[in-house]
Amino acid sequence: MLGVVALALGAAACTVGSGAGSASGDLFVVGCDKYNDYATPSMFSLNPTFFAGEPIEDVCPVPLTCMGPHMNRLVIRLQRTGNGVEVVDTLYFDVKNSLQVALCLQGKLNNGQPTWDTRLVTAPDGSTIPNLRWCDWTAHADGGAGDAGAFDAGSADAAAGDAGAPFVKTAAYPRINLSTQDYVRASLDPLGSCDEARAVGVALPGSWIEFQNFGSAEDSNTTPSNDFKVNFGERLRANFHLILGDQAVDYAIQNHYAVPPSRIGGALDGYFDFDLQRGRAAQPFP
């Protein structure tokens, strides 16, 4: 009986980290042998094999005092392998407010007014960028011819026959514009390829992500609750384009310090498609 239980648990654990995706583009990292040329950035390909989401729920510290919407957070990780993040290349998408993303994806109006925050994207110096909203329904929301492929990367949707490949939009989807001070942020930590450099690239304005699946958010027949979150077993799927800059430079600009030379920069394009599973990355010991 114990052997059967162990086998069952082992089979269930295999689904943790599974999915499909890519992230590639030109990259330079000063002090890294592989990507050290400012003038001619080298081709970087993450080739992720491990996909994870870390839900961080907004728990009210004092009951009955937090009556407004919850800012449930979700950190999405695309890793080259399932080893600890301190030894592998990892691409992060940090969703600071899942409810706002859900409202953006639904694109509903209330008495003619958007139900989502319509604020402009924030630049590193704290100013807003004219005509660039973090939730953009005015462009890039065209439909497509359809999605094609042999199988689905997410286990919960395998019967749907979806691709596990960059999706082609069959309906209107908003473009979520990124910065280091908005509802969705992204960063690349190339600790596997360039551990000696210790440089982190952050997504600057001009970067974007387009979700086709964000849990139940894309279901227009429902209205996200104030406690909206992506639940375990639900699907996360998106295309993205990232313009990377040095986190140290961004921090210096934000805090009005002397701006250091950029140690990392480039651009990445890609996608991810996986189901949110309960678990954590493999460890280098039993």
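In this chain, residues are counted from 1 in sequence order.
- Within the model, atoms CG of N97 and SG of C104 stand 11.5 Å from one another, a figure rounded to the nearest 0.5 Å.
- Under the 30°/60° scheme for interplanar angles, the aromatic rings of F272 and F93 are found to be tilted.
- Interatomic distance, L276 CG to I76 CD1, rounded to the nearest 0.5 Å: 8.5 Å.
- Checked by atom type, the side-chain pair N72/S98 shows no donor-acceptor distance below 3.5 Å.
- Under 4.0 Å is where a charged nitrogen must lie from a carboxylate oxygen, and between K96 and D182 no such pair does.
- Hydrophobic cluster membership differs between Y173 and W208, with clusters built from Ile, Leu, Val, Met, Phe, Trp and Tyr side chains linked at under 4.5 angstrom.
- Side chain of Q254 to backbone of G126: no donor-acceptor contact under 3.5 angstrom is found.
- Under the 4.5 Å side-chain contact rule for hydrophobic residues, I176 and I129 share a cluster.
- Side-chain contact of D227 with S225: a donor-acceptor pair under 3.5 Å is absent, judged by distance alone.
- Heavy-atom minimum distance, R80 versus F44: NH2-CE1, 3.6 Å.
- Between the side chain of S207 and the backbone N or O of I243, at least one donor-acceptor pair lies under 3.5 Å.
- The backbone N or O of P190 sits nowhere less than 3.5 Å from a side-chain atom of S193 that would complete a donor-acceptor pair.
- Contact annotation: the side chain of V184 never approaches that of Q100 to less than 4.5 Å [non-hydrogen atoms, C-beta and beyond].
- Considering every non-hydrogen atom in both V259 and A252, the closest pair reads CA-CB, 4.1 Å.
- Under a 3.5 Å cut-off, the side chain of R133 and the backbone N or O of T118 do form a donor-acceptor pair.
- Taking CD1 of I264 as the reference point, atom CZ of F28 lies at 8.0 Å (rounded to 0.5 Å).
- Distance alone, capped at 3.5 Å, is enough to place a donor-acceptor pair between the D125 side chain and the S127 backbone.
- Between the side chains of N239 and E210, not a single donor N or O lies within less than 3.5 Å of an accepting N or O.
- For CG of N231, the number of neighbouring non-hydrogen atoms (other residues, nucleotides, ligands) closer than 6.0 Å is greater than 12.
- The closest side-chain heavy-atom distance from L103 to P224 is below 4.5 Å.
- The CG atom of D37 sits 11.0 Å away from the CG atom of D26 when rounded to the nearest 0.5 Å.
- Contact check on R263 versus D246 returns a salt bridge, with a Lys/Arg side-chain nitrogen under 4.0 Å from an Asp/Glu carboxylate oxygen.
- Between F274 and S18, the closest side-chain pair of non-hydrogen atoms is not below 4.5 Å.
- Going from atom CG of N83 over to atom CG of D89 covers 11.5 Å, rounded to the nearest 0.5 Å.
- Of the possible polar contacts, one joining the Q106 side chain to the D219 backbone as a donor-acceptor pair under 3.5 Å is found.
- Within the 4.5 Å cutoff, the side chain of V95 has heavy atoms near those of the F214 side chain.
- Hydrophobic clustering of Ile, Leu, Val, Met, Phe, Trp and Tyr side chains at less than 4.5 Å, counting indirect connections, unites V75 with V85.
- Considering all non-hydrogen atoms of both residues, L178 and A186 come closest at CD1-CB, 4.0 Å.
- Using a 4.5 Å heavy-atom cutoff, the side chains of S42 and K34 are not in contact.
- Side-chain atoms of L74 and V101, non-hydrogen and from C-beta on, never get closer than 4.5 Å to each other.
- The minimum heavy-atom distance linking P48 with F51 is given by the pair O-CZ, 3.7 Å.
- By the rule that hydrophobic residues join a cluster once side-chain heavy atoms approach within less than 4.5 Å of another member, W137 and L99 end up as members of one cluster.
- Atom CG of D275 is separated from atom CZ of R237 by 10.5 Å, given to the nearest 0.5 angstrom.
- Inter-residue side-chain proximity for T223 and K108 is flagged as met; some heavy-atom pair is nearer than 4.5 Å.
- I253 and L132 are assigned to two separate hydrophobic clusters, defined by single-linkage of ILVMFWY side chains at heavy-atom distances under 4.5 Å.
- The aromatic rings of W134 and Y183 stand perpendicular to each other, their planes meeting at an angle above 60°, with 30° marking the opposite boundary.
- In plain terms, the two heavy atoms of G215 and E234 that are nearest each other are CA-OE1, 3.5 Å.
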Determine, stepwise, if the pair T90 / L191 fulfils side chain to side chain contact (heavy atoms under 4.5 Å, CB included). CA-CA 8 Å; T90 305; L191 285 174; over 6 Å; no
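- Minimum interatomic distance between V30 and N36 (heavy atoms only, all atoms of both residues): CA-OD1, 3.0 Å.
- The closest side-chain heavy-atom distance from P69 to F228 is not below 4.5 Å.
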